[in-house]
Amino acid sequence: MRFSRLVIAKSTTLLLVIALLPSLASAQQVVQQNYQNGRSYLPNPLAPYSPQHVPPPNFANSSRIDQLMRNGQLMLSLDDAIAMGLENNLDIAIARYNLPISDTDILRAKSGQQILGVNTGLVQGTPGGGTGSTTAGGLGTSTTGASGSGTGGTTTAAGGAGTGSSGLVQSTEGSGPPIGSYDPMVTAGLSLEHLTQPTANPFQGATALKQNTGLANFNYNQYFASGTALNVGFNNQRQTTNSTFSELSPVLNTGFRATLTQHLLQGLSFNANRRLIKIAKNNREISDVAFRNQVIQTVSQIENIYWDLVSAYENVRVQESSLALAQKTLADNKKQVEIGTLAPIEIVRAESAVSSANQTLIVAQTNLQLQELLMKNAITKNMSDPVLAAAHVVPTNTMTLPPTEPVLPIQDLINDAFSHRPELSQSRIDLTNREITRKATSNLLLPSVDLVGWYGGSALAGDTNQLAICAPGQSTNRFCIPANQVRPSTGLSNAYSTMFGYNNPDYGVGFNVNIPIRNRSAQATQVRSELEYRQSQMRLQQLQNQIAIEVRNAQFTVQQNRAQVLAAQSAEELARQSLDAEQKKYALGASTTTLVLTAQRDLAQAQANSVAALDNYEKSKVQLDLSTGLTLTHNGIQVAEAETGKVQTMPHVPGIVPRQPSQELQMEQEPQSGMPQPQNQPQQPPAGTQPQTVQPQNTPEPQAQPQPQPQTQTAPEPQAQPQTSAPGTVPPSGGQLPQPATPQPQNQPQTPPQPQQ
């Protein structure tokens, strides 16, 4: 019974562990290692001397993509696109490494070593949706991203070295008095030596001198932020010899000396000696701000790519409607040519219009496919999954113009920019670093005057050399030791007690003075750091002026693009009414096919202009948030979640309108090509929408024109709606297609077909 309970308990524990493994693994993925303090000796004494392995990057896309896939299509809202970009975008993933890299600089500065710096510019490796000033002319729609010039694809930012005409220009940042190692350094020398040396000097005590020497020397060094250097040396030597002139064999020589050096002028400054640590910590703050700037720029870029995708999506709908109108005109012309009321040249003219509309549709469809590719590239790490690579991206939000535009005082927007723009924060922190360097280089001008004090001791121990003792009956002389004067045997413990017992002290005090004549190197460094500090102050003011102009320009651009949308919508309404009037005149015989086709092209162009104007308007609002630095605040984005690459709080972009099901396209794998399809296939409405029937309008019937020779006609087959690459697409309001001609009784002259509004 106990055995069965034990088996059940162990099985339950094993199942719980297996269930927790994925959560533990995901937790390990989001927890970032802190490299600022290094490894401790506890519990593993060898940890500081063992390498730390950084896990390889994870190139798998987040699971959010699977949640958005519907029937082979990626149903993507703007909020979803931003969330996926925060989790998968490679620009953010590359910039994320700058945070732990800056931590290693802090650890390096704590040891007293020169810092290496970190790239704090923007990673610009994602093509499409380039951020920048989106003017009323429609800038900011490039499909290629500019690569950064720094390591890892970054651009130069605050605190980084500039590139001069002759190569790398190094800054004086971090210059100052020399700094020793804050990490204690222990050096040791252990050696064993056997020496056999022939001699020609009788005073060496042997014809062939033989010595066995053992050394065990230790040294301890450490530097302190007060400008104090400590050096402790401990020397030990054991030697045996066959020389008759050595009184002891083996002989033990031990000694130690502790030396304390204190800077009195140059280097006597806590601020100067800790400058690298302060600069490294400030650079860590710059890295945090730079990562925030990267998130802002990437989110703005993804928003622009999304609106370009929506614009391309809407443009396909416009071009499909244009092609449908051209196909309907061609079908009507063919019927009128058959009954003899129209010249055959009108069929050629209508076919040319169909071909032109089809070409424009193909361009729109391929541009849509390109925008889909750019969108997937921006929100994924890779597209190796064939399902993802083949999936169409369907935007579930659409562009809209709000009834009113909120009017904010320009000074409030500028103040927001001064408070939230990451570039200003980086410049201010960099100015603090240069202030630290400026003070340190002032200390570098002073002469080097050091107070040196030391204390030590030494001792001697060993056994009396038997070869040096006078033989019995040998006369006493200066070259041998009488038997009654032999020293007692002593060992290492006796030597240490004598050395540390103040029996043989060695102490002293002194000064070391180093005065460089003319001191030109220090003068140049100090003056240059002062100039760079003043230059940074000017740069900060210039950046503030530039940001103020960007904010004003962004607000002006929103106003201009709103006016452009209103003008484009008015032009679209004019083109729609003009087409309606031209169709009515054509039905009455007062217009020509050329004028109808021209009106159709004008309507298509006006609709395309309206879509482009809405695209520019949406992107100008993105640019306004970017200029004021409020992109993350307005969209509800948490920088901490962007650092871990796991979004828990869903972003929310205000003022976004969802797309209605009736506005969706029936996505195809390949763009439409060639001439229009046969017109005898009925269309199927898209899923989720009701088929719409175009009712004939009560327009006046034109007078029938008698034919010279009435011909017997068979009843024409009812003509279906013209088929496009998006079956079931409803033309924009006011752009209803003309109805096919009603079959006339046989043996009766036919009237021209009635195009309807």
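Each residue takes its place number in the sequence, starting with 1.
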Does a side-chain N-to-carboxylate-O contact under 4.0 Å join Asp103 and Arg284? yes
Does a side-chain heavy-atom distance below 4.5 Å link Val232 with Asn219? no
Pairwise side-chain contact, Arg528 with Thr525, heavy-atom cut-off 4.5 Å (strictly under): no
Taking atom types as modelled and ignoring hydrogens, do the side chains of Lys110 and Asn37 form a donor-acceptor contact shorter than 3.5 angstrom? yes
As a quick check of understanding, evaluate side chain to side chain donor-acceptor pair (under 3.5 Å) for Arg438 and Ser529, giving each step before the final call. CA-CA 5 Å; Arg438 187 174 68 92; Ser529 66; over 6 Å; no
Any luck finding a side-chain donor-acceptor pair between Asn433 and Lys278 under 3.5 Å? no
Ignoring hydrogens and geometry beyond distance, is a side-chain donor-acceptor pair present between Tyr41 and Tyr49 at under 3.5 Å? yes
Where does the angle between the aromatic ring planes of Tyr182 and Tyr223 fall among parallel (under 30°), tilted (30 to 60°) and perpendicular (over 60°)? tilted
Can you see whether Asn61 engages Asn88 through a side-chain donor-acceptor pair at a distance of less than 3.5 angstrom? no
Residues in ring pair (Phe, Tyr, Trp, His ring centres under 6.0 Å) contact with Phe500, at least two apart in sequence or another chain: Phe256
Does a donor on one side chain and an acceptor on the other come within less than 3.5 Å for Gln222 and Tyr220? yes
Verify side chain to side chain donor-acceptor pair (under 3.5 Å) between Thr172 and Glu532, making sure each step is shown before the conclusion. CA-CA 8 Å; Thr172 60; Glu532 290 179 351; 2.7 Å; yes
Would you say the side chain of Thr126 lies within less than 4.5 Å of the side chain of Leu90, judging by non-hydrogen atoms? no
Suppose we screen for salt bridge (charged side-chain N to carboxylate O under 4.0 Å, His left out). Which residues come up paired with Asp450, at least two apart in sequence or across chains? none
Check whether any side-chain heavy atom of Ile279 sits under 4.5 Å from a side-chain heavy atom of Thr437, and report yes or no. yes
Can any side-chain N or O of Ser102 pair as donor or acceptor with the backbone N or O of Leu99 at less than 3.5 Å? yes
Are Arg292 and Asp288 ion-paired here, with the side-chain N under 4.0 Å from a carboxylate O? no
Asn236 and Tyr496 side chains, donor-acceptor separation under 3.5 Å: yes
Gln266 side chain vs Leu444 backbone, donor-acceptor pair below 3.5 Å: yes
Does the pair Lys281/Glu285 count as a salt bridge with the N-to-O cut at 4.0 Å? no
Does Ser458 offer a backbone N or O that forms a donor-acceptor pair with the side chain of Asn504 under 3.5 Å? yes
Would you please say whether a donor-acceptor pair under 3.5 Å links the side chains of Thr228 and Ser226? yes
Could you check whether Thr298 and Gln294, counting side-chain N and O atoms only, form a donor-acceptor pair closer than 3.5 Å? yes
is_close_aromatic(Phe270, Phe224), centroid dist under 6.0 Å: no
What's the verdict on side chain to side chain contact (heavy atoms under 4.5 Å, CB included) for Tyr455 and Val509, showing C-alpha distance, side-chain angles and the deciding distance? CA-CA 9 Å; Tyr455 179 85; Val509 66; over 6 Å; no
Let me know which of Gln239, His194, Gln237, Arg238 forms a side-chain hydrogen bond (donor to acceptor under 3.5 Å, both in side chains) with Thr213. Gln239
Counting C-beta onward and ignoring hydrogens, is there a side-chain heavy-atom pair between Asn382 and Thr380 closer than 4.5 Å? no
Start with the C-alpha gap between Arg520 and Gln523, add the side-chain angles, then the distance that decides, and say whether side chain to side chain donor-acceptor pair (under 3.5 Å) holds. CA-CA 5 Å; Arg520 290 183 289 187; Gln523 290 184 55; over 6 Å; no
